Amino acid sequence: MKKILLTSLVPASSITILLFLATFVSRLRFFVDDFPYALDTPSLTRDFFTFFASYITVHGLFRPLALVYYWFLYSFYFLSDSMAHLLPFAIHAATGYILYRILKRHGMNGAFALLGGFLYLLHPFATEQYMWLSAGPGTIVNGLFLIQLVLIEKMSNRPSMPVAIAVLSTISVLLYESTFFFFIPLIYLIWTKTKRVSLVQIAPIIVYIITKLLLKGTDPRPLVDSFPLIAENAGNLANNLSKVYMDPYYVDRFWNAYRSFGLELVLSTPLLMGGMILFVATALGGLFITRHEVYPVQKSKFIFWTLVFLATLPPLVANKIFFFGFRSLFLPSIAAIVTGLWAGQMLLGKNGRIALGLLGLWTVISFFMIDITIADKYRVLYDQDMKLAQAISQRIKEQNLDRVSLILKSDVPFDSRESFLHADHLLSCFFYEWSSLSCLKMTTGSVHSLTIEHVDGRVTRQAPEELPIVTLRLDKNRDLTVEKIDR
């Protein structure tokens, strides 16, 4: 029975939970940046050289490999929108499995290693990376980092191993900067395996700096340029990290509220509820029959993951204007969790490890419910945006106009985050000027200029106004009426 539980029932119930989450992900569509990226990348225009050349001219070599990712993914989206969303999710899920295998290979208790893999897979801060297509490069660099760990383990005796690691690191930093300082823990891990210092791991950083110096662009992203600003950003980072996990407002409005809504979704879907019961039952069985013998102290692995956690922090304070979404908090969070699991294995006895496992299982279940809540909010937000875009198109048609400048006066906030500023998944595509006009282009070709007068007094404008100008009013009930027309 023990063998059947561990080799069949636990994997089967885990895959079931994965498929349920995948069902929610497959129902998603575009969100904010996806609209302009899909319309401006070669997925529609097919004019590769013009697009890449114009982008580099303005932004320099800022995440140049991300442009290739966007081109591929948005091209795929117009073939199958569901499969395009499932692709980043599949990469994320595979990465969670790789983490589980790595932790076991490094000597972590099987139950703790599986818990680490599930927490990686289901952590709510990861959702933006696979539910929001334009944030997808984060899933790839996370996967590349764990593949590097696999190569270090399996190729430690090969002279080519450090070069292979450096090549993957170069790809990562040119795709997304979240792993920019991971050369530090990688050098340490290689040293623990080979007793050699691999300075070639610094090469990706040199390549990144050279690309920035060669092509700065006319409007590069501003980075911190003074120590006081770095110190201020670091203080903001520490404050924000503690706030999203411990502040009563976040605990109540995000963790508890989203879990409660997710529970309602589970209870209202018999098949989903059955899958959750199966998962909890098999996970509890696996936890209590797993051997909890004392494992050798893995100080080097604890040090390595501590270095990983520390290496995730500097990129978060690098921007001159300090702000980050949930996706930016994922790597620091998961590195801290894995470090905590290593500490628990080293310090806790059998009963303590079982208690930690039970807490971890409760966290995994909560994370799943929060994840499906976030997915549902994405879906509802897209439906609302498309309904408004279609209503705008209809109002313009009713005036027998073909091409207009549009002024939208909104009594409805397009930002429902309130003081919950990290939750980018609560933003309408009409919140930003660059996404609002592109959103309209998905439903109508009649609008060439868009000005939005937001309820909070903010005004966003995309493209200069030309006659005729149509002014629409969106009231608090989301009814759209024509206020005036300037011909």
Side-chain angles (χ1 to χ4, degrees), residues 21-22 25 28 30-34 37-38 41 59 62-74 76-77 84-99 116-117 119-149 168-183 185-186 204 208 221 237 240-241 244 308-309 311-319 323-338 367 370-371 374-375 378 422-425 427:
L21 182 54
V25 173
L28 303 179
F30 276 176
F31 174 72
V32 186
D33 290 349
D34 291 331
Y37 282 1
T41 55
H59 301 288
F62 175 68
R63 302 175 184 171
L65 295 185
L67 302 181
V68 179
Y69 167 84
Y70 293 145
W71 167 76
F72 170 78
L73 193 63
Y74 291 122
F76 192 27
Y77 179 91
H85 273 90
L86 288 174
L87 180 58
F89 178 69
I91 294 172
H92 179 71
T95 305
Y97 177 74
I98 293 173
L99 177 62
L119 291 174
Y120 179 97
L121 171 65
L122 297 175
H123 198 294
F125 293 166
T127 55
E128 286 183 358
Q129 295 186 349
Y130 61 82
M131 292 185 184
W132 182 6
L133 295 181
S134 67
T139 62
I140 298 178
V141 298
N142 298 341
L144 288 176
F145 172 64
L146 292 181
I147 289 173
Q148 288 172 291
L149 304 189
L168 291 178
S169 293
T170 303
I171 294 173
S172 293
V173 298
L174 295 179
L175 186 64
Y176 198 66
E177 300 89 348
S178 59
T179 58
F180 186 87
F181 289 95
F182 277 21
F183 69 93
L186 287 173
Y208 182 86
R221 173 166 291 195
L237 173 60
N240 279 265
L241 274 172
V244 295
V308 171
F309 169 71
T312 63
L313 303 180
L316 299 182
V317 302
N319 290 328
F323 176 77
F324 52 86
F326 278 164
R327 59 195 176 279
S328 303
L329 294 175
F330 173 61
L331 274 183
S333 297
I334 203 65
I337 287 171
V338 172
F367 280 2
I370 293 171
D371 289 351
I374 291 175
Y378 271 123
H422 304 294
D424 281 354
H425 66 274
L427 289 174

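Not measured: the values here are computed from a predicted model.
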CD1-CG distance between I337 and L119, expressed to the nearest 0.5 angstrom: 5.0 Å
side-chain contact (heavy atoms from CB on, under 4.5 Å) evaluation trace for F31 with M131: CA-CA 9 Å; F31 174 72; M131 292 185 184; over 6 Å; no
Exam field: side chain Y70 to backbone S134, donor-acceptor pair closer than 3.5 Å: yes
Distance in Å, I140 CD1 paired with Q129 CD, rounded so as to fall on 0.5 Å steps: 10.5 Å
Residue pair P332 / L313, side-chain heavy-atom distance below 4.5 Å: yes
Side-chain touch F145/L186, heavy atoms, less than 4.5 angstrom: yes
Residues which pass side chain to side chain contact (heavy atoms under 4.5 Å, CB included) with T170, listed by chain and number, not counting sequence neighbours: L174, P204, V207
Check against side-chain contact (heavy atoms from CB on, under 4.5 Å), F182 and L331: CA-CA 11 Å; F182 277 21; L331 274 183; 4.2 Å; yes
Heavy-atom closest contact (F181 atom, P314 atom, distance): CE1-CB, 3.4 Å
Atom pair CZ (F183) and CD (Q148), whose distance is rounded to the nearest 0.5 Å: 13.0 Å
Check: Y120 main-chain N/O paired with H92 side-chain donor or acceptor under 3.5 Å: yes
Any D34 side-chain heavy atom under 4.5 Å of Y74 side chain: yes
Any T312 side-chain heavy atom under 4.5 Å of I334 side chain: no
Distance (rounded to the nearest 0.5 Å) between N142 CG and I91 CD1: 10.5 Å
Pairwise distance CD1(I374) to OG1(T127) - rounded to 0.5 angstrom: 3.5 Å
E177 and Y208, any side-chain heavy atoms less than 4.5 Å apart: yes
Residue list, side chain to side chain contact (heavy atoms under 4.5 Å, CB included) with F72, at least two apart or on another chain: L87
Heavy-atom pair of closest approach, residues S333 and H123: CB-NE2, 3.7 Å
Mutual orientation of the aromatic rings belonging to F30 and Y77 [parallel < 30°, tilted 30-60°, perpendicular > 60°]: parallel
Validation row: P137, R63 side chains within 4.5 angstrom (heavy atoms): no
Beyond-backbone contact of R327 with W132, side-chain heavy atoms, under 4.5 angstrom: yes
Centroid-centroid under 6.0 Å between F89 and Y130 rings: yes
Least distance between heavy atoms, A84 atom then F76 atom: CA-CD2, 3.9 Å
Where A375 and L28 come nearest, the two heavy atoms and their spacing: O-CD2, 3.3 Å
Atom of L144, atom of S172 and distance for their closest heavy-atom approach: CD1-OG, 3.4 Å
Validation row: Y176, L65 side chains within 4.5 angstrom (heavy atoms): no
A93 versus L121, closest heavy-atom pair with distance: CA-CD1, 3.7 Å
From I147 atom CD1 to T95 atom OG1, the distance as rounded to the nearest 0.5 Å: 7.0 Å
